[in-house]
Number of protein chains: 2
Amino acid sequence: MPAMPERTDAPTAEPAATGAPVAAGRNLLFLREEELRLAQDLLFFGYRDFTAGADQILAELGMGRAHHRVLHFVGRRPGITVGALLGILGITKQSLARVLTPLVEEEYVHQATGRSDRRQRLLSLTPKGQALERRLFERQREWVMRAYREAGPTAVEGFRRVMHGLMGPEARAQLEWLERPKG
Amino acid sequence: MPAMPERTDAPTAEPAATGAPVAAGRNLLFLREEELRLAQDLLFFGYRDFTAGADQILAELGMGRAHHRVLHFVGRRPGITVGALLGILGITKQSLARVLTPLVEEEYVHQATGRSDRRQRLLSLTPKGQALERRLFERQREWVMRAYREAGPTAVEGFRRVMHGLMGPEARAQLEWLERPKG
DNA sequence: CTGGTTTGGTCAGCGTCATTGACACATTTT
DNA sequence: AAAATGTGTCAATGACGCTGACCAAACCAG
């Protein structure tokens with residue numbers, strides 16, 4: 001692979017976005033823009049590399065990221081209903097079924113009939129599912145811990161605040177529910 | 001698969017997010033784990049909602065996230081070669097072609113033959129491409145700025161540090177190249 | 001100049017993960 | 001009894017990755 005992109009020089013003279021004359025205010029705007037382009041880059045690269053480790057394990061088992069998400073959220077809220085899981089994942093039940101059905105058949109996930117409402121299927125991880133989820137978790141844990149250590153505790157707090165800010169109202173409510181202590 | 005503390009319902013249900021109440025070794029480990037599960041959640045929800053706005057615009061044009069990434073990185077480094085773009089995106093040329101060819105045909109992206117090496121195709125955005133990229137950028141800018149404002153400048157710096165830490169060495173080198181001043 | 005490598009393009013096929021629409025079934029609610 | 005809800009399933013579609021194979025143009029080294 002090409003070790004690094006070679007500096008092939010740009011043909012274009014980089015026509016300034018809206019052709020505005022150089023001014024002090026424009027400079028601030030420019031910096032602001034670069035700041036945000038950097039955020040885009042960071043999110044792209046960071047998220048990609050964050051998931052890469054788990055993806056590798058999953059691929060060996062013939063699974064994908066969708067399986068991981070199910071394992072993760074079912075592990076986080078054992079006894080979650082199918083409907084609640086759909087709400088968190090933000091996908092259709094057909095999409096979920098393609099992943100959940102095999103996970104149940106291969107005994108990673110257990111389904112129990114709801115006691116108050118017997119239409120519900122309460123999902124939880126089997127020991128086999130817990131083991132896989134843990135393996136995936138540990139892989140990502142190493143990766144995230146490395147980043148946390150490099151960045152320091154203050155940065156970690158800032159990271160959390162910004163990521164939370166990137167979430168919409170729906171996701172915020174769901175996150176709150178996820179973190180809610182049981183009982 | 002480490003036989004770890006069964007996380008399915010910790011009997012000591014006191015995961016109050018607020019700091020360290022009881023200082024037991026096991027407790028610290030528990031908090032550490034919750035911390036990381038939170039990071040997983042934040043990255044999942046945050047990244048999803050970060051991309052949602054642009055995805056909507058793209059869908060109206062019959063495009064997807066892959067198109068956006070090409071527009072973004074070509075816009076960031078006008079004159080970039082196909083090979084360099086492949087390296088940044090981390091995909092195969094067949095995958096890139098499916099997205100790049102239509103973008104060129106519909107005149108969002110311009111290809112110029114390299115002068116020093118005429119095998120190379122130097123990519124840049126046409127005015128049409130610049131307009132679309134800007135539209136997508138503005139949508140994400142609003143979203144990110146909101147998060148930045150909510151979180152504050154210190155948090156933003158921390159966010160950047162952690163996201164950078166989540167990147168692998170390759171991505172770090174590529175980010176450096178992307179940010180390198182032209183000329 | 002010739003032969004090997006690099007850059008890029010393309011065909012053909014496959015897998016994952018999402019979508020929509022339609023329908024079925026059990027159970028709960030009205 | 002009828003309606004609404006929770007879940008499952010069939011069929012078709014699309015976006016976005018992948019591999020393997022092969023080709024052409026251009027560059028580069030002997």
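Proteins come first, then strands; the chains are lettered A, B, ... in the order of their sequence lines, and each starts at number 1.
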- [ ] For B:Arg160 and A:Leu42, work out which heavy atoms get closest and say how close.
- [x]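 Answer, listing the atom of B:Arg160 first, then A:Leu42: CG-CD1, 3.7 Å.
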TODO: Taking the side chain as every heavy atom from C-beta outward, state whether A:Arg76 and A:Glu179 have any pair of such atoms under 4.5 Å apart.
DONE: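 Contact flag for A:Arg76/A:Glu179 side chains = yes.
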Open item on the list: I want to check something: taking the side chain as every heavy atom from C-beta on, are A:Arg172 and A:His164 in contact at a cut-off of under 4.5 Å?
Closed with: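 The answer is yes; the side chains approach within 4.5 Å.
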Could you tell me the separation between the [atom1] atom of [X] and the [atom2] atom of [N], rounded to a whole number of Å?
X: A:Arg118; N: C:dC25; atom1: CZ; atom2: P; answer: 18 Å
X: A:Leu86; N: C:dT20; atom1: CG; atom2: P; answer: 13 Å
X: B:Ile91; N: D:dT19; atom1: CD1; atom2: C1'; answer: 14 Å
X: A:Arg115; N: C:dT28; atom1: CZ; atom2: C1'; answer: 16 Å
X: B:Leu85; N: C:dG8; atom1: CG; atom2: P; answer: 10 Å
X: B:Leu123; N: C:dT7; atom1: CG; atom2: C1'; answer: 12 Å
X: B:Glu105; N: C:dG9; atom1: CD; atom2: P; answer: 12 Å
X: B:His68; N: D:dC16; atom1: NE2; atom2: P; answer: 12 Å

Task: Centroid-centroid under 6.0 Å between A:Phe44 and B:Phe73 rings - done: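 Aromatic pair counts; centres sit under 6.0 Å.
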Open item on the list: With a 4.0 Å cutoff (strictly under), does any side-chain N or O of B:Ser95 reach OP1 or OP2 of D:dC16?
Closed with: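 No, no such contact exists.
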Task: salt_bridge(A:Arg135, A:Glu138) N-O dist < 4.0 Å - done: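 Answer for the salt bridge query: no.
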Open item on the list: Looking at A:Arg98 and C:dA18, is any side-chain donor or acceptor paired with a base atom of the opposite kind under 3.5 Å?
Closed with: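 Flag set: donor-acceptor pair detected.
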Open item on the list: Does B:Gln111, at its CD atom, have more than 12 non-hydrogen atoms belonging to other residues, nucleotides or ligands within less than 6.0 Å?
Closed with: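 Yes, CD of B:Gln111 has more than 12 neighbouring heavy atoms, counting only those of other groups under 6.0 Å.
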TODO: Step through the shown structure and confirm whether more than 12 heavy atoms of other residues, nucleotides or ligands are within 6.0 Å of CD on A:Glu107.
DONE: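 Check fails, neighbour count at 12 or below.
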TODO: If a protein heavy atom is under 4.0 Å from the base, mark B; if only from the sugar-phosphate, S; if neither, -; do that for nucleotides 5-12 of chain D going 5' to 3'.
DONE: BSBBBB--
Task: Proximity to DNA chain D (any heavy atom under 4.0 Å), residues of residues 53-67 of chain B only - done: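 Those residues are B:Gly64, B:Arg65, B:Ala66, B:His67.
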Open item on the list: Parallel, tilted or perpendicular: which one describes the rings of A:His72 and A:His68, with boundaries at 30° and 60°?
Closed with: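 A:His72 vs A:His68 ring planes: perpendicular.
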- [ ] Taking B:Arg77 for its side chain and B:Leu178 for its backbone only, find out whether a donor-acceptor pair lies under 3.5 Å.
- [x]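 It does hold such a pair.
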